[in-house]
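Encoded as structure tokens, the structure appears first; notes follow it.
What you are looking at is a predicted structure, and each value in this text was computed from that prediction instead of being measured. In listed order, ligands and their atoms are each counted from 1. Reckoned from all heavy atoms, side chains included, excluding hydrogens, waters and symmetry mates.
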Amino acid sequence: MQTHDRFDTLGRLEDLPQDYRDELTQNNLVPLWPSLRAVLPPGVPTRKTQATHWPYATLRPLLIKAGELTPIEKAERRVLVLANPGHGLEKMQASAAMYLGMQLLLPGELAPAHRHTPNAVRMVVEGEGAWTLVDGEKCAMQRGDLILTPTGLWHEHGHDGNAPVVWLDVLDLPLVYFIEASYHLEGPSQSVKPGEGVSGYARGGLRPSPVFERSNKAYPMLRYPWAEARAALLAMAASEASTEALQITYVNPETGADAENILGFYALMLRPGQSLRLPARSPAMVFHQIEGSAQVSVEAQTFTLLEADTCCAPGYCAVTLRNLSADAPAFLFIADESPLHRKLGVFENRG
Ligand code: GTQ
């Protein structure tokens, strides 16, 4: 009884005399107790992140229109940001730490070289013939490929094909901006470094082991081909009939740790007709449908993800995924904030 009373009876701002409040304000001081419950709510954090669905069918025509309205020279990166209304659209965040953008590059265009402190990845959604040059490595962009542009690495995007190319950008920009560490530098177009471009890391369990010199790159693998990830999931499905959740993590093949430091990236396969309940964990999540279709249920909300659709879910919520096809697998790309939560010591799995 007494402990419960303790939670309900904190003084309000209005309880304080106005002259006292004014004097605090003049001296850059704030009383904690009227706001204590707001910043430390009981049991579960307050989350601005709302479960939100961005169907590709509505996004794509608007992105193509951006290609007509704004030349690449006026955009540098021609991106429509998938903004979470819970944070306010102008904040351009999908969750507390995640930014999502859908980027369009038209044939012959070049998005010029720059580097920045936030980490980025690209998940290729449609189109052939584009490439991203990252730290001298020319990464071909094919549907479903994951390409890293980690913190500080030079990158530019080009397109030698003949139809629009679209990819999903996932950045930890909101977090890096929040800690006042976000900035970029412009640079000259990079040259492709000889011997780069075909990653010896692209096959699971096989690590290049040069006899004379060892790679000391912090990010040895920059392109994760979808063909390999897809094959790995199908092989798991075939050999592990009792494994409920068929999921792989995109990792740094030298260390086995997450591919980037702040956000985590995964691919998940739902067997035909499968339903899968993901436990309520502290990090927010993003789901992007690579192949097939799935229903995503987050508390009272249910979205139907068709191919190339994207949605997000706040942390501390269980999420149920259901493959809408009874005879084809469904493949999802997932991004989450779990590397960040684990490093900060706030990661929780509430089951
Ligand atoms: O392609 O480098 O969506 O710098 C936002 C910032 C993409 C990029 C974004 C960026 C990029």
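Side-chain contact annotation: Ser182 with His116, donor-acceptor N/O pair under 3.5 Å absent.
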Take His157 and His114 through the test ring pair (Phe, Tyr, Trp, His ring centres under 6.0 Å) and record every step on the way to the result. CA-CA 10 Å; His157 316 296; His114 73 179; 7.6 Å; no
Side chain to side chain donor-acceptor pair (under 3.5 Å) between Tyr219 and Thr149: does it pass, once the steps are laid out? CA-CA 9 Å; Tyr219 302 95; Thr149 56; over 6 Å; no
Evaluate the side-chain contact (heavy atoms from CB on, under 4.5 Å) criterion for residues Ile72 and Leu106: first the C-alpha distance (whole Å), next the side-chain angles of each, then the deciding distance (0.1 Å), finally the verdict. CA-CA 9 Å; Ile72 194 71; Leu106 296 171; over 6 Å; no
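With hydrogens left out, the protein atom closest to atom 5 (C) of ligand 1 is Tyr99 OH, 3.4 Å, a heavy atom. Arg77 NE, 3.0 Å is the protein heavy atom nearest to atom 8 (C) of ligand 1. Nearest protein neighbour of atom 1 (O) of ligand 1, counting heavy atoms only, is His157 NE2, 2.7 Å. The nearest heavy-atom contact from the protein to atom 7 (C) of ligand 1 is Asp169 OD2, 3.3 Å. At the top of the distance list for atom 6 (C) of ligand 1, counting protein heavy atoms only, stands Leu171 CD2, 4.0 Å.
The shell of residues lying under 4.0 angstrom from ligand 1, judged by heavy atoms, includes Arg122. In this structure, His184 has no heavy atom closer than 4.0 Å to ligand 1.
Per-residue contacts place Gln103 under 4.0 angstrom from the following atoms of ligand 1 (heavy atoms of the residue considered): 1 (O), 7 (C). Per-residue contacts place Val79 under 4.0 angstrom from the following atoms of ligand 1 (heavy atoms of the residue considered): 3 (O).
Leu168 contributes atom CG, which lies 5.5 Å from atom CG of Leu100 (distance to the nearest 0.5 angstrom).
By the 4.0 Å N-to-carboxylate-O rule, Glu109 lies close enough to Arg78 to be salt-bridged with it. A salt bridge is absent between Glu126 and Arg143; no separation between the charged side-chain nitrogens and carboxylate oxygens falls under 4.0 Å.
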